[in-house]
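Notes follow once the structure below has been shown.
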Amino acid sequence: MRKDWKYIAYLSVAVAVYLVIKMISPREIDWSITYYHKDKNPHGTYALNQVIRSLFPGKEIHQSNYTIYEWYDTINRPVNFISLSTEFMPGKEDVVSLLKNIEQGGSAFIAAQHFSGPFADTLDITTSDYFFDFSGSLINRNDSAQLVFTNPNLPLTDDNAFPRKNIHNYFSSFDSTRTRVVARNDLDLPVILKITWGKGSFYINSTPLIFTNVYLLQGTNNQFISRALSHLPVAETYWTEFYHLGRMEAGTPLRFILTHEPLAWAYYVSITALLLFIIFEIKRTQRVIPVLKPLGNSTLEFVRTIGNLYYQTADHKDIAEKRIAFFLEQLRSGYGIHAADPSDELIRTIARKTGNSEEEVQQLFLTIRHIQSKHQISEAELKELNKRLDRFRHYSFT
């Protein structure tokens with residue numbers, strides 16, 4: 001028992017040392033682009049989530065991973081839609097629902113580096129990357145770049161700056177009859193468009209990374225972001241993260257449990273308790289299972305003892321008589337044959353019923369008559385009888 005506790009103590013110390021090292025070691029920064037409103041990593045939108053409510057005072061902001069089509073059935077009036085993603089390619093049903101909302105007076109702010117599918121075809125917009133378009137120019141991707149509004153009533157301080165390598169997408173074509181450029185980059189290329197649709201408007205942005213934590217918190221970048229979103233009317237707002245993150249559901253059959261916090265904690269506690277039980281009880285499973293000697297067959301031992309006794313007294317005739325009597329009783333009880341003095345016809349019957357050859361049966365009974373006719377027999381004659389009886393029984397009684 002002491003030995004087991006010694007190993008458990010070693011394991012506990014090792015785990016504790018590992019945890020301490022992990023806690024004091026520098027944390028690696030995760031640069032994954034998530035646009036997730038609870039993500040505090042550089043490319044999450046936790047900071048935007050903290051300030052966005054001040055842009056729509058008194059109005060509710062809904063955040064989920066539903067599609068616009070799924071949301072639209074529960075909406076009874078025009079609302080704001082917000083979506084941030086690397087690529088915005090909604091399905092046909094989503095586009096129809098979104099267009100209905102905008103046509104009835106709603107608004108949408110959609111930021112993505114690329115637009116494709118039915119949405120881009122319907123609004124007739126195309127995005128490009130000026131690093132590819134101007135590949136022969138001397139544009140340094142490591143420089144900082146500014147974004148400015150075309151409306152002179154929206155001044156912006158000079159220290160607004162974003163990394164050029166993250167704002168290099170722009171709108172290369174759009175329908176000028178219903179579209180107005182809201183903001184441009186320092187190369188005078190459009191990055192935010194206002195597209196009128198029915199009673200409402202789309203605000204389409206090609207630089208979604210500026211809304212993430214790492215850029216919103218730098219300098220006066222927050223002013224540009226606030227003013228960009230301020231183009232939306234003060235109304236109930238639906239912020240969907242489906243078009244970048246998808247459902248964000250657990251991919252296991254346990255997703256119902258894992259998506260409900262009380263059930264998830266109960267599941268984790270149960271698994272932990274089970275593992276601890278296995279660790280502390282593993283000693284039982286490691287014990288050597290003792291080999292129990294099976295009980296001896298006393299009947300078989302008795303028979304062997306009696307047989308040895310007869311053999312040691314050299315009364316071969318008596319042993320032969322008992323073997324013959326046992327054999328004749330087997331024929332009587334097994335086949336209904338009385339063969340004390342068999343005729344040729346009875347020998348053929350015995351052979352047919354037992355599956356032995358007539359010659360074998362004939363030789364066996366000749367041996368029996370020979371032994372019965374003598375007062376004493378030799379060991380060789382006893383062995384010959386035993387051999388013929390064993391051969392006969394092999395085919396007939398087993």
Enter the distance from [X]:[atom1] to [Y]:[atom2] here, rounded to the nearest 0.5 Å.
X	Y	atom1	atom2	value
Leu209	Thr86	CG	OG1	7.0 Å
Phe224	Tyr215	CZ	OH	14.5 Å
Phe242	Asp94	CZ	CG	7.0 Å
Asp121	Lys92	CG	NZ	12.0 Å
Asn65	Leu245	CG	CG	6.0 Å
Leu147	Asn221	CG	CG	8.5 Å

Exercise. Dump the intermediate steps for ring pair (Phe, Tyr, Trp, His ring centres under 6.0 Å) on Tyr243 and Phe119, then the final yes or no.
Key: CA-CA 13 Å; Tyr243 300 101; Phe119 179 80; 9.3 Å; no

Can you check whether [Y]'s main-chain N or O pairs, donor with acceptor, with [X]'s side chain at less than 3.5 Å?
X	Y	result
Ser85	Ala112	no
Glu381	Ser378	yes
His43	Thr34	no
Thr45	Thr212	no
Ser373	His370	yes
His244	Glu241	no

Are [X] and [Y] packed together at the side-chain level, in the sense that at least one heavy-atom pair is separated by less than 4.5 angstrom?
X	Y	value
Val51	Ile225	no
Arg184	Thr150	yes
Arg77	Gln104	no
Ile204	Phe115	yes
Val181	Phe171	no
Arg391	Glu360	yes
Gln362	Glu359	no
Leu187	Arg164	yes

Shortest non-hydrogen contact between [X] and [Y], atoms and distance:
X	Y	result
Ile110	Leu98	CD1-CD2, 3.9 Å
Asn49	Ile52	O-CG2, 3.7 Å
Lys353	Ile337	CD-CD1, 3.9 Å
Thr207	Asn169	CG2-O, 3.9 Å
Ile102	Ala108	CD1-N, 3.7 Å
Ser144	Asp186	O-OD2, 4.4 Å

Mark yes when over 12 heavy atoms from residues, nucleotides or ligands other than [X] sit less than 6.0 Å from its [atom1]; otherwise mark no.
X	atom1	value
Lys199	NZ	no
Phe56	CZ	yes
Tyr46	OH	no

With a 4.0 Å cut-off on N to O distance, would you call [X] and [Y] a salt bridge?
X	Y	answer
Lys100	Glu103	no
Arg178	Asp124	no
Arg323	Asp390	yes
Asp344	Arg348	no

With hydrophobic residues grouped by side-chain heavy-atom distances under 4.5 Å, do [X] and [Y] end up in a single group?
X	Y	result
Ile347	Ile371	yes
Tyr203	Leu55	yes
Trp71	Leu232	no
Leu366	Ile368	no
Ile82	Ile68	no

Quiz item: Does a side chain donor of either Asn185 or Tyr130 reach within less than 3.5 Å of an acceptor in the other side chain?
Solution: no

Quiz item: Can you list the steps and then say if Ile377 with Leu382 is a side-chain contact (heavy atoms from CB on, under 4.5 Å)?
Solution: CA-CA 7 Å; Ile377 62 172; Leu382 176 61; 4.3 Å; yes

Quiz item: Quick check, are the ring centers of Phe109 and Phe211 under 6.0 angstrom apart?
Solution: yes

Practice problem: Let me see the working for Trp197 and Thr122 under side-chain contact (heavy atoms from CB on, under 4.5 Å), right down to the final yes or no. | Solution: CA-CA 11 Å; Trp197 195 273; Thr122 302; 3.7 Å; yes

Quiz item: Gln113 and His168: side-chain hydrogen bond (donor to acceptor under 3.5 Å, both in side chains), yes or no, with the steps?
Solution: CA-CA 9 Å; Gln113 292 178 331; His168 47 87; 5.1 Å; no

Exercise. With side-chain contact (heavy atoms from CB on, under 4.5 Å) as the test, would you mind laying out the steps for Thr179 and Phe202 before giving the verdict?
Key: CA-CA 9 Å; Thr179 304; Phe202 286 98; over 6 Å; no

Exercise. In sequence, state the C-alpha distance, the side-chain angles, and the governing distance for Val79 and Asn101, and then conclude on side-chain contact (heavy atoms from CB on, under 4.5 Å).
Key: CA-CA 7 Å; Val79 297; Asn101 176 74; 3.7 Å; yes

